[in-house]
Amino acid sequence: MKKHGNLAETEKQLEIDRISNLPWDVLDTILVRLPLRDAARTSILSSKWRYKWTNLSQFILDDKCIHNSISDKASRWIEIRKIIDQVQSNHNGPIEKFKLAAYCCPNYSDLDQWIRFLTEKGIKELIIREFSVIKHFKLPDSVFCGPKLSHLELYGCILRLPSSFKGFDCLKILQLNHVFITSDTLEHLIRNCPVLEKLTLLNLHHLACVRIYNPNLKYVKIDSAFEDICLGHSLLLASVDIRMLPMNGGITRRHPEQGKVCTLIRVFGYLHGINRLSLSNQFLEFLANKDEPERLRTPFNSLLALELKEIRFASLKGIAASISILRSSPNLEDLLVTVYPCDDISKPVMDLVTKQLQSYFYFNQLKVVKIRGINGTRIEWEFLRLILAHSPVLESMTIVKFKGERISESFLQEVERASKHVKFISLAL
């Protein structure tokens with residue numbers, strides 16, 4: 001029995017040795033697929049494994065790295081700092097990816113030092129997500145000297161470009177969230193990312209005008225306060241999502257440098273390749289002229305999916321701009337409208353929608369419509385009738401009522417509609 005026990009122990013040791021003797025690039029490929037806490041646990045296997053985890057090429061510090069019993073935000077950062085200290089003391093070789101996604105209260109001096117360390121290691125993906133408190137720490141200049149950086153997400157920092165900044169030649173993904181940045185700095189940064197494909201701007205501070213000039217952009221998402229916007233000639237731009245937040249004090253001002261009112265044509269007139277578009281009501285109001293055209297001179301021929309967010313049926317400008325975009329999208333297939341609850345009835349809006357009901361035009365490719373959050377007001381009902389009466393190939397319409405009972409599907413079946421095969425789905429929140 002003792003001999004058999006020794007044999008089993010020897011076989012077990014050999015199995016461990018086979019793994020231990022694998023080339024480091026193979027071990028790294030295996031370990032980076034584990035949660036960091038599990039990778040760190042390999043340190044107990046043997047003295048040979050004690051610091052292997054500290055030499056990984058990727059580090060994801062999230063809530064899984066911190067024990068559930070630690071809820072204090074400062075204490076959570078102390079746990080993260082322990083990991084960072086171990087890595088800084090023992091790491092050899094490059095670090096390609098770092099992601100901080102643990103809800104904590106960081107020591108910004110520690111974070112500054114760590115970011116400098118990462119840039120020295122040739123970081124390619126630097127992702128810093130949400131903290132518990134925003135104090136706007138100054139981003140180290142060393143970040144802008146990283147020639148290999150391909151993915152950059154920043155949160156809660158002050159971003160100023162050093163005079164030596166020549167651009168990010170490899171950067172494909174850029175996301176700024178609660179970042180303090182000026183309009184000129186943002187424009188210069190975007191211009192000098194020649195392969196940038198995806199741009200996300202969330203809750204930016206001190207931003208007056210969003211000027212985006214980059215011929216390779218494919219995706220833009222903006223959810224922030226700003227005074228004006230210019231998307232330039234971004235011919236490859238396929239997906240645009242803009243939600244405009246009010247400036248401080250709730251007033252959106254026109255930016256004086258433009259010299260003219262921002263319009264649908266000026267913003268979207270050269271973006272003919274867009275196939276997905278999502279716009280908030282406040283941005284639609286911002287775009288609308290006093291006399292909004294029924295359709296644009298150059299249609300959105302590539303647009304397949306449109307989302308109209310937080311639509312206020314009491315807003316003449318918002319509804320006029322929405323209808324203008326709808327009528328300028330001849331190949332639209334999918335429409336999603338989310339309604340901002342409002343019981344006010346606007347006669348000008350009612351007159352506008354009624355006029356459109358009597359007009360001769362069709363959404364010839366529209367197949368799927370979803371409308372969420374309606375109250376059941378007359379103007380909402382007229383808008384539903386407008387869509388139904390002008391959509392000959394409509395396959396399904398989902399209506400989610402904000403309060404009260406859902407709209408009867410049998411009642412909906414009695415409404416005049418261009419498509420006799422549309423399926424109604426009626427729900428209530």
Side-chain angles (χ1 to χ4, degrees), residues 24-25 27-45 47-159 173 175-179:
W24 171 245
D25 59 338
L27 283 175
D28 180 61
T29 302
I30 295 170
L31 292 176
V32 296
R33 283 168 168 75
L34 298 174
L36 187 58
R37 178 186 283 185
D38 292 340
R41 285 172 177 164
T42 62
S43 62
I44 66 172
L45 293 176
S47 59
K48 195 174 183 179
W49 278 83
R50 186 175 181 182
Y51 295 114
K52 281 189 183 294
W53 72 273
T54 64
N55 283 288
L56 296 176
S57 63
Q58 299 182 21
F59 291 92
I60 297 177
L61 303 186
D62 54 18
D63 290 335
K64 296 176 183 176
C65 300
I66 304 171
H67 197 277
N68 293 336
S69 63
I70 303 175
S71 59
D72 178 71
K73 307 301 184 297
S75 299
R76 290 164 69 86
W77 176 255
I78 291 173
E79 294 302 302
I80 291 172
R81 175 61 194 269
K82 290 177 183 177
I83 297 172
I84 289 174
D85 287 345
Q86 286 279 351
V87 174
Q88 285 184 306
S89 299
N90 298 287
H91 195 281
N92 294 307
I95 297 178
E96 296 183 351
K97 177 178 179 178
F98 172 73
K99 178 179 178 180
L100 175 60
Y103 196 62
C104 59
C105 185
N107 178 297
Y108 291 107
S109 177
D110 294 343
L111 189 58
D112 183 280
Q113 183 185 28
W114 174 244
I115 292 174
R116 293 174 189 273
F117 175 78
L118 292 172
T119 55
E120 292 172 0
K121 290 289 185 175
I123 191 77
K124 294 181 180 178
E125 296 184 41
L126 177 58
I127 302 170
I128 300 177
R129 294 275 174 88
E130 188 173 356
F131 304 142
S132 62
V133 178
I134 304 172
K135 293 185 179 178
H136 287 112
F137 68 101
K138 172 68 167 61
L139 193 69
D141 288 351
S142 58
V143 171
F144 303 102
C145 301
K148 299 179 181 179
L149 204 60
S150 63
H151 183 162
L152 179 62
E153 292 186 31
L154 299 174
Y155 180 89
C157 67
I158 300 170
L159 198 158
I173 300 173
Q175 177 171 312
L176 306 178
N177 189 353
H178 281 286
V179 169

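These numbers come from a predicted model, not from an experiment.
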Could you tell me if the side chain of I84 sits less than 4.5 Å from the side chain of F59, heavy atoms only?
no
Over all atoms of both residues, closest heavy-atom pair of V179 and G156:
CG2-N, 4.4 Å
For the backbone of S57 and the side chain of K97, can you confirm whether one donor and one acceptor N or O come within less than 3.5 Å of each other?
no
Sidechain-backbone polar pair: H91 side chain, L56 backbone, donor-acceptor under 3.5 Å:
yes
Rounding to 0.5 Å, atoms SG (C104) and CG (L61) come to a distance of 9.0 Å
So, are E79 and R76 salt-bridged, with charged N and O less than 4.0 Å apart?
no
Evaluate the side-chain proximity of P106 to W77: yes if any heavy-atom separation is below 4.5 Å, no if none is.
yes
Note: K99-E125 ion pair, threshold 4.0 Å (strictly below)
no
From L159 atom CG to F144 atom CZ, the distance as rounded to the nearest 0.5 Å:
4.0 Å
Take atom NZ in K124; do more than 12 heavy atoms of anything else shown fall under 6.0 Å from it?
no
Walk me through it: do V87 and F98 pass the test side-chain contact (heavy atoms from CB on, under 4.5 Å)?
CA-CA 12 Å; V87 174; F98 172 73; over 6 Å; no
Any idea which heavy atoms bring C65 and I60 closest together, and the distance?
SG-O, 3.5 Å
The criterion is ring-ring contact (aromatic ring centres under 6.0 Å, His included); which residues satisfy it with H178, sequence neighbours excluded?
Y155, H205
More than 12 heavy atoms from other groups under 6.0 Å of NZ on K138
yes
Looking at R116, is its backbone amide N or carbonyl O close enough to the side chain of T119 to form a donor-acceptor pair, meaning the two atoms are under 3.5 Å apart?
yes
